[in-house]
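Residues take their numbers from the sequence shown, with the count starting at 1. Bear in mind that the values here come from a model prediction, so they are computed numbers and not experimental data.
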Amino acid sequence: MGRGRAKAKQQKVARKLKYSTGGTDLDRLRSELGVAEGQGSQNGPSGPEDSYGEPHDDLIDRYADLAEKHSDSDT
């Protein structure tokens with residue numbers, strides 16, 4: 001008999017979680033994650049966006065000798 005109230009309460013809580021804005025404290029989250037104030041979305045995984053090299057230069061350098069080896073064996 002008490003299941004109806006429990007289910008209604010669960011639905012109320014679920015609806016509240018679904019439609020609430022959350023009020024996320026971004027400064028607190030940033031401090032917990034250990035991100036400095038100057039860092040953030042402007043820095044990508046390979047560093048700042050204003051880097052001088054192309055993003056794939058390191059891969060080209062790494063596999064250049066491998067490409068030369070395979071191009072010599074094909075001819």
Side-chain angles (χ1 to χ4, degrees):
M1 242 171 128
R3 173 138 165 62
R5 277 193 181 162
K7 185 176 180 182
K9 187 172 183 178
Q10 288 174 350
Q11 286 178 338
K12 180 181 176 184
V13 170
R15 197 174 298 116
K16 190 181 214 183
L17 288 172
K18 182 177 180 181
Y19 294 114
S20 70
T21 59
T24 305
D25 186 3
L26 297 178
D27 292 328
R28 181 175 171 207
L29 179 63
R30 186 178 292 122
S31 67
E32 286 180 11
L33 294 176
V35 178
E37 189 68 32
Q39 296 177 348
S41 62
Q42 68 267 26
N43 290 343
S46 62
E49 288 180 359
D50 62 345
S51 63
Y52 294 100
E54 291 291 322
H56 301 293
D57 280 347
D58 58 336
L59 292 176
I60 292 170
D61 293 339
R62 183 186 295 172
Y63 295 111
D65 58 339
L66 187 61
E68 289 174 7
K69 178 182 168 186
H70 284 290
S71 65
D72 291 340
S73 65
D74 290 341
T75 56

(message) Please enumerate all residues that pass salt bridge (charged side-chain N to carboxylate O under 4.0 Å, His left out) together with R15, with sequence neighbours excluded.
(response) none
(request) Sequence neighbours left out, what passes side-chain contact (heavy atoms from CB on, under 4.5 Å) with K7? Give chain and number order. (result) R3, Q11
(message) Side-chain heavy atoms under 4.5 Å apart, restricted to Ile/Leu/Val/Met/Phe/Trp/Tyr: what other residues fall into the cluster of V13, or is it alone?
(response) L17
(message) Would you compute the distance between atom CG of L26 and atom OG of S31 and round it to the nearest 0.5 angstrom?
(response) 11.0 Å
(request) First locate atom CD of E32, then atom CG of D25, and finally report the distance between them rounded to the nearest 0.5 Å. (result) 9.0 Å
